Amino acid sequence: MTLREKIGHLYRRFSFGATIADLDRGEKEGVDKTIERLIDYDSVPPGVEPSPFEFMWREKEEPDLGTYRIRTWWIERMICSDRPQQEKLALFWHSYFAVGDDKVEDGPMMLAYLQTLRSRANGRFLDLLRAISQDPAMMRYLDMQRSIRGNPNENFGREVMELFTLGIDGGYTETDVKEVSRALTGWGYVNLFYEMPGNTELKVKRWLHEGTPFSSFTLMPAMHDPTPKTVLGKTAPYDGEAVLRLLADHPSTHRRLALRFWQFYGMESPPEKAIERTAKALKNGDIKAGLRSVAKAPEFWSADCVRSLPRSPADFVVGVARQSGVGAGL
């Protein structure tokens with residue numbers, strides 16, 4: 001491949017496709033600097049970012065807090081953002097930590113969930129895991145409004161192991177599910193906005209002015225089960241924080257995350273050595289290190305990888321818009 005073709009490959013996978021300006025800049029900066037620009041996007045000035053609530057107001061009417069308004073705002077970010085990989089990576093995490101408004105049915109709660117993904121997308125996996133596990137939209141989606149001593153929520157505990165960390169083949173047992181669920185007792189959430197009386201428009205304005213969250217995680221120490229639990233063969237008086245740390249640091253979690261990175265950014269059936277290399281890079285929970293492992297791997301530049309993945313609807317539509325200059329200057 002020529003240098004320009006390599007830059008195009010990087011942008012197709014770690015963005016929504018390259019504009020002419022992206023290709024020109026990439027040819028000047030080279031492959032390694034382009035990788036850093038895409039993955040370490042915090043170093044790129046964010047540019048103008050409109051508030052999502054600007055998409056919720058309708059002239060002379062109450063604000064429309066429906067999730068479809070937030071979806072419109074996120075698509076605008078994908079098209080116009082100077083940090084496209086932030087949105088592409090948030091899209092990855094939205095699939096990994098899947099939540100749907102078909103059950104949540106709360107626009108501000110879904111917005112907070114999305115902002116959790118966007119703000120922690122390329123940090124440390126444990127921080128993201130903790131934040132998303134305590135996110136009200138996720139907790140509502142998994143029926144975790146309250147989990148109390150003597151009546152733990154096993155659905156949430158199971159999904160934390162099966163979907164968030166170890167994976168269905170990660171070597172845990174039904175007993176581990178019950179023990180993790182006991183560790184998570186005392187967790188819950190409150191929906192502050194809808195529990196408070198008053199006019200919706202005035203409440204939204206006041207909430208935004210004061211920076212008040214519409215919903216919030218709540219810790220209830222009196223409802224926690226403090227007795228010892230045995231998880232994956234280790235016994236301790238685990239609480240929610242400790243058990244998430246144990247699961248995030250497990251080799252099965254590193255391998256599962258490595259495979260998902262490769263399937264999203266690389267190829268559907270990556271070689272075992274590529275998965276192992278990326279899992280090793282993720283050993284300390286550094287998401288950027290895992291992404292760099294994919295982008296700099298020889299397999300990523302092979303004929304088996306380049307142009308091997310079908311484009312998702314978001315990739316296709318947003319890519320056409322970005323490459324057509326729709327978001328330029330916005």
Side-chain angles (χ1 to χ4, degrees), residues 1 3-19 21-47 49 74 77-97 114-129 131-132 248 254 256-267 270 274-302 305-306 309 311-312 314-315 318-319 322:
M1 287 192 292
L3 176 56
R4 197 173 183 87
E5 288 171 336
K6 289 181 179 180
I7 300 303
H9 177 51
L10 278 171
Y11 271 89
R12 281 192 299 275
R13 297 304 173 82
F14 286 89
S15 176
F16 298 97
T19 64
D22 292 331
L23 294 171
D24 291 343
R25 181 175 56 222
E27 281 191 308
K28 293 178 181 178
E29 294 182 344
V31 169
D32 288 342
K33 285 189 176 181
T34 300
I35 290 173
E36 288 306 304
R37 170 180 287 276
L38 289 167
I39 292 175
D40 191 18
Y41 51 74
D42 297 310
S43 62
V44 178
E49 181 169 327
W74 194 18
R77 286 292 75 212
M78 292 180 188
I79 294 172
C80 302
S81 176
D82 292 332
R83 298 173 171 180
Q85 162 61 357
Q86 181 178 19
E87 311 309 330
K88 184 74 173 274
L89 187 52
L91 193 62
F92 167 83
W93 291 123
H94 180 37
S95 175
Y96 191 93
F97 295 112
L114 177 57
Q115 296 289 40
T116 295
L117 298 181
R118 294 178 72 247
S119 64
R120 292 174 170 81
N122 71 344
R124 303 199 71 79
F125 180 69
L126 176 59
D127 295 336
L128 175 59
L129 174 64
I132 205 65
H254 305 152
R256 182 172 187 272
L257 187 54
L259 175 59
R260 293 292 295 273
F261 274 172
W262 268 102
Q263 290 175 331
F264 187 79
Y265 289 105
M267 62 186 81
I275 300 172
E276 292 177 357
R277 195 185 307 120
T278 300
K280 184 177 180 180
L282 288 163
K283 185 176 182 180
N284 294 321
D286 187 340
I287 294 170
K288 286 195 285 285
L291 295 173
R292 289 190 188 100
S293 172
V294 174
K296 296 186 176 184
E299 295 87 352
F300 180 76
W301 301 99
S302 70
C305 183
V306 177
L309 287 179
R311 304 190 77 177
S312 70
D315 267 325
V318 173
R322 287 187 67 92

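Quantities reported herein were computed from a predicted structural model and do not represent experimental measurements.
- Put simply, the side chain of Asp315 does not reach to within 4.5 Å of the side chain of Leu309, judged on heavy atoms.
- Here the side chains of Leu117 and Phe92 are not in contact, with every heavy-atom distance at 4.5 Å or above.
- In terms of heavy-atom proximity, Trp262 sits nearest to Pro270 at CB-CG, 3.7 Å.
- Smallest separation of non-hydrogen atoms from Glu27 and Leu3: O-CD2, 3.5 Å.
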Item to complete: Could you walk me through whether Arg25 and Asp22 pass the salt bridge (charged side-chain N to carboxylate O under 4.0 Å, His left out) test, one step at a time?
Response: CA-CA 5 Å; Arg25 181 175 56 222; Asp22 292 331; 3.0 Å; yes
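- Across all their heavy atoms, Leu128 and Arg120 have their closest contact at CD1-CB, 3.9 Å.
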Item to complete: Evaluate the criterion side chain to side chain donor-acceptor pair (under 3.5 Å) for residue pair Gln263 and Arg260; output intermediate values, then yes/no.
Response: CA-CA 5 Å; Gln263 290 175 331; Arg260 293 292 295 273; 4.6 Å; no
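- At a threshold of 4.5 Å between non-hydrogen side-chain atoms, the residues Arg83 and Asp42 count as touching.
- Using a 4.5 Å cut-off on side-chain heavy atoms (C-beta onward), Val306 and Arg12 make contact.
- Contact annotation: the side chain of Thr278 never approaches that of Tyr265 to less than 4.5 Å [non-hydrogen atoms, C-beta and beyond].
- Taking the six-membered ring for Trp, His254 and Phe125 have ring centres at least 6.0 Å apart.
- In this structure the side chain of Trp93 reaches within 4.5 angstrom of the side chain of Ile287, judged on heavy atoms.
- Asn122 places none of its side-chain heavy atoms less than 4.5 Å from the side chain of Gln86.
- No more than 12 heavy atoms of other residues, nucleotides or ligands lie within 6.0 Å of NZ in Lys283, so this atom counts as exposed by the packing criterion.
- Side-chain N or O atoms of His9 include one that pairs as donor or acceptor with a backbone N or O of Phe300 at under 3.5 Å.
- Taking the centre and axis of the six-membered ring of Phe16, the NZ or CZ atom of Lys88 falls inside the cone set by 45° and 6.0 Å.
- The shortest distance between side-chain heavy atoms of Thr34 and Tyr11 falls below 4.5 Å.
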